[in-house]
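Letters A, B, ... are given to chains in the order of the sequence lines, protein chains preceding strands, and every chain is numbered from 1.
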There are 2 protein chains.
Amino acid sequence: MMNASALLKEKGFRITPQRLAVFEAVLGNKTHPSAESVYTAVREKFPSISLNTVYKTLQSFQEAGLLWQLNIARNLRYDGNTLPHAHLCCLRCGQVDDLNGGLAKLFTDLADLGMTKSGFKIDSLEVNFYGSCPSCSRHAVNLGPSGPGDNRLPE
Amino acid sequence: MMNASALLKEKGFRITPQRLAVFEAVLGNKTHPSAESVYTAVREKFPSISLNTVYKTLQSFQEAGLLWQLNIARNLRYDGNTLPHAHLCCLRCGQVDDLNGGLAKLFTDLADLGMTKSGFKIDSLEVNFYGSCPSCSRHAVNLGPSGPGDNRLPE
DNA sequence: TACTTTATAATAATAATTATCATATAGTAA
DNA sequence: TTACTATATGATAATTATTATTATAAAGTA
Ligand SMILES: [Mn+2]
Ligand SMILES: [Mn+2]
Ligand SMILES: [Zn+2]
Ligand SMILES: [Zn+2]
């Protein structure tokens, strides 16, 4: 992982401990945390940070292209991996994983189709799979009735 | 379009004017309306309906597989087309269009990849493109800075 | 028609996110 | 170092979409 301070400075940010902590909390793992999760994680080291600051920091990082803001089941999650890739979102435990491998061409094909078929100018593309992760599949918890496009995450 | 009453009855619903109106409002067009839009549309003919009823009706239709609940830029939109297809979501005017043609295979490929690569059991799959529709592209309104995964819809 | 069940509407509650604004801090230059 | 100015932060309130509660109304049935 790259030097956070240098990267932030390069993007025109002032270097604050809050920003460094949030940066670390998102870029330092692959869990696609929500703002609330980042807040919880950061408070371990920096108990006085406010949730508002977490939200604003994440948003400014997003605008600077440092991270990807994901819309998963109506909540925002954050991803340090800004390369196009799809997500596997478990509706039972809430975990979000990257779907790696062989997708680059699919994304290109999708983007090409989207562009050429319609004249639509694509800024970003999100591909989310909803279902059950291997671990949750085994336990077979019942989530109740579901239909097409049911993207409910557990409480 | 099929007979609404018969279809609802088949799914075990009691036939009420509210349900027929909501059914009509969603299945009768391709605008991917939000609950609020459905509410507005339905009140033309049925002024006493409540927003709560619209929400509950849409949710029960979704659970019955009659429609697809889309997560677009953190809001729920509803789609009478339950076949897998992608969406072009304009961040300037808020319009959501289907991306038709040639996508069936892509979806199959995606689903296969998602399944076999990881053991993840897929219940549903959402593909959303965010950007500017042809009409908005021409007007070139500035939305401010944006980066990867910026899915903000206009106010 | 009378009866039972389910749906509706009014209302309140919830939860995630964003706005406001006074204070604190980072960067910078004397 | 210090003083200065712009920006960031934290406390708090506001907003917005969605869901919960519950008394009343309407649908289905016989
Ligand atoms: Mn990811
Ligand atoms: Mn559609
Ligand atoms: Zn799981
Ligand atoms: Zn548009």
Is there a side-chain polar atom (N or O) of [X] under 4.0 Å from OP1 or OP2 of [N]?
X	N	value
A/Gln18	C/dT25	no
B/Tyr55	D/dT19	no
B/Thr53	C/dA9	yes
A/Arg74	C/dT14	no

Nearest-Å distance, [atom1] ([X]) to [atom2] ([N])?
X	N	atom1	atom2	result
A/Arg43	D/dA11	CZ	C1'	14 Å
A/Leu58	D/dA8	CG	P	15 Å
B/Ile49	D/dT24	CD1	C1'	17 Å
B/Lys9	D/dA27	NZ	C1'	11 Å
B/Ile15	C/dT8	CD1	P	11 Å
B/Lys56	D/dT19	NZ	C1'	9 Å
B/Leu51	D/dT16	CG	P	14 Å
B/Tyr39	D/dA17	OH	P	14 Å

Looking at the side chain of [X], which of [options] is the nearest nucleotide?
X	options	value
B/Thr16	D/dT18, C/dA7, D/dT9	C/dA7
B/Asn52	D/dA27, D/dA8, C/dT11	C/dT11
B/Ser50	D/dA27, C/dA10, D/dG10	C/dA10
B/Phe46	D/dG10, D/dA17, C/dA9	C/dA9
B/Gln59	D/dT18, D/dT19, C/dT17	D/dT19

Exercise. Report yes or no: do B/Asn151 and A/Gln69 form a side-chain donor-acceptor pair below 3.5 Å?
Key: no

Exercise. Look at the side chain of A/Arg14 and the base of D/dA6, then say whether one donor and one acceptor between them are separated by less than 3.5 Å.
Key: yes

Self-check item: Which residue lies more 5' along DNA chain D, comparing B/Pro17 with A/Ser48 via nearest heavy atoms
Solution: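 Looking at the nearest nucleotide for each, A/Ser48 comes out on the 5' side.
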
Exercise. Starting from the 5' end of DNA chain D, give me the residue, B/Phe13 or B/Leu76, whose nearest nucleotide shows up first.
Key: B/Leu76

Quiz item: According to the interplanar angle, ranging from 0 to 90°, do the rings of A/His87 and A/Trp68 count as parallel (below 30°), tilted (30 to 60°) or perpendicular (above 60°)?
Solution: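 Judged by the thresholds at 30° and 60°, the geometry between A/His87 and A/Trp68 is tilted.
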
Exercise. Indicate, with yes or no, if the rings of B/Phe61 and B/Phe13 have centres closer together than 6.0 Å.
Key: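 Centroid distance B/Phe61-B/Phe13: below 6.0 Å, so yes.
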
Practice problem: List the atom of B/Gln62, the atom of A/Gly149, and the distance in Å for their closest heavy-atom pair. | Solution: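 Reported closest heavy-atom pair: NE2-C, 3.9 Å.
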
Quiz prompt | Closest approach of A/His85 to A/Leu99 (non-hydrogen atoms, all atoms of both residues) | solution = CB-O, 4.4 Å

